[in-house]
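Remember, predicted model here, so these are calculated numbers, not experimental data.
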Number of protein chains: 2
Amino acid sequence: MGAMSNVERAVSALRQMIFAGELPPGSDHLETELAEKLGMSRTPVREAALMLQAQGLVEMRPRRGIRITPVSAADMAEIYDILTELESLAAARAAEAQYSKADLANLATAIRDMDGALARDDLRAWAEADDRFHRELVRLGRNARLSMVVSVMRDQVRRARATTLFMRPKPKQSNEDHRVVYQAIARGDAQVAHDTHHAHRQAARDMLVALLEKHQFHGL
Amino acid sequence: MGAMSNVERAVSALRQMIFAGELPPGSDHLETELAEKLGMSRTPVREAALMLQAQGLVEMRPRRGIRITPVSAADMAEIYDILTELESLAAARAAEAQYSKADLANLATAIRDMDGALARDDLRAWAEADDRFHRELVRLGRNARLSMVVSVMRDQVRRARATTLFMRPKPKQSNEDHRVVYQAIARGDAQVAHDTHHAHRQAARDMLVALLEKHQFHGL
DNA sequence: TTATGCGTTAATGTATACACAAGTGCATAC
DNA sequence: GTATGCACTTGTGTATACATTAACGCATAA
């Protein structure tokens, strides 16, 4: 059952530790140190670090160790700009694809879950469903490379969310946007799907960047 | 002077061999084999392969060797869709940035070079200058992550160009588009810069995909 | 006190060794 | 002739060893 290589184990363990904040942004870690912590030799740790580096989660700097990449407000602006364009394209493509209601079930469920979470004031559940909505949207856009790029960017957003989720205003407008996008896709209106999602992401971008700048998270 | 690690050497050597067609798309190569060819041990070759895998140039499949990723017409459609969106955003951002004429010198030079190459019927020189134009455009958009994603995608386009460059019609419309984009950026018109470039890339996409499909390059 | 240079330390880059597992071919049975 | 299983081969995943070289501290000089 454990058909999982040490490299894979290292990748997911490191990801988990990064997202959990156990390896804080900006902190350095020697290969040997991480290898010991993960109970394996340096080789798979190095390979895992190389992969995470390609995704922008860590930087390997000779003799200084593996640094957990910090994400500044400026970084977040870059990331959201990319997300905005690529997800909007995915929304347009999804609309063009003439999906049936059944195909869009996951999208509908995610929206309903967000409503529910919001009513219960459960921000964590809301964030999880929001993630799910965006992931499904991109999947429906049917572009494997785009999905990969977006997922890398979304990982970065997830990291910042730990600090922003409870500072931001309640995401009320958000759900209305999602519903409009959903309906546009359902009736095959690519233009509206695209533009609505674009505006949605841009608004989120501006709000988050302002939030991060205000609270001086310039390099955490 | 040779402050270059074996991993770096391996990465650039492999890239070169891939772009030159010396390692043909779809071909498999054992780690040992490549290591011997490059005059180093498996370790740096493996690390180089991991990096190239992250960029989609190769795939590592256990026991089957390192495969040079083939690029099909469908892949090219995906790639161009991403390029279209991201480069257009860069064009818009460049326009918003209020660059001086001096800042746009590289752009202007690239356009002039393309004109010259086209007049001499030198398609290779044209392709080189075209690359330069697009690279500079993205740089002016000032989004480091976007630049990286675009450069990965452009690498894939470069690979296909070896087969398409001499089959496609002469890129005459292309230069007019570039000029319009340049002027829009110079006068700070983000909308025109964006939309013109978007249409430019989309046209290129449709032309190339049709070309590749027609000539049945479905997996070479 | 601050700057400069040297020696030490230790982390990395790379080579090598080895166990394991997947693919291959042959032999055997039907 | 086809199918099944077994032994063998061989590539990879991982551990380990080692040389190199960059960072750091200390001493010395201005």
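Between A:D75 and B:R145, some side-chain heavy-atom pair lies under the 4.5 Å cut-off.
Nucleotide C:dT12 holds its P atom 9 Å from the CG atom of A:L34, rounded to whole Å. Taking atom CE of residue B:M40 and atom P of nucleotide C:dT16, one finds them 13 Å apart after rounding to whole Å. Rounded to whole Å, the distance from CG on B:N6 to C1' on C:dT12 is 13 Å. Note: CG (B:D28) to C1' (D:dT10) measures 15 Å, nearest angstrom. Between the CZ atom of B:R63 and the P atom of C:dT24 there is a distance of 10 Å, given to the nearest Å. One interatomic measurement links the two molecules: CD of A:E47 to P of C:dT14, which rounds to 14 Å at whole-angstrom precision. If you take CD of A:E36 and C1' of C:dA11, they are 15 Å apart, rounded to a whole angstrom. Following rounding to the nearest Å, A:R64 (CZ) and D:dT21 (C1') show an atom-to-atom distance of 15 Å.
Contact check, B:R46 against D:dG13: a side-chain N or O comes under 4.0 Å of OP1 or OP2. A:T43 has no side-chain polar atom (N or O) that falls below the 4.0 Å cut-off from OP1 or OP2 of D:dT14.
Closest approach to the A:L30 side chain among C:dG13, C:dA11, D:dG13 is made by C:dA11 (side chain taken as heavy atoms from C-beta onward). Taking the side chain of B:R42 as heavy atoms from C-beta on, and the options C:dG13, C:dC18, C:dA21, the nearest nucleotide is C:dC18. In the set D:dT14, C:dG13, C:dT14, D:dT14 carries the atom at the smallest distance from any side-chain atom of A:P44.
Ion pair B:R132/B:E128 flagged as a salt bridge, since at least one NZ, NE, NH1 or NH2 atom sits closer than 4.0 Å to an Asp/Glu carboxylate oxygen. With respect to A:R154 and A:E87, a salt bridge is recorded, a charged nitrogen being found less than 4.0 Å from a carboxylate O.
Between B:M60 and B:A49, the shortest heavy-atom distance links the atoms SD-CB, 3.8 Å.
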Next item on the list: Given side-chain contact (heavy atoms from CB on, under 4.5 Å), test B:M114 with B:S174 step by step and report yes or no.
Entry: CA-CA 10 Å; B:M114 277 187 268; B:S174 203; 5.7 Å; no
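Nearer the 5' end of DNA chain D, as judged by each residue's closest nucleotide, is the contact made by A:S41, out of A:S41 and A:P62.
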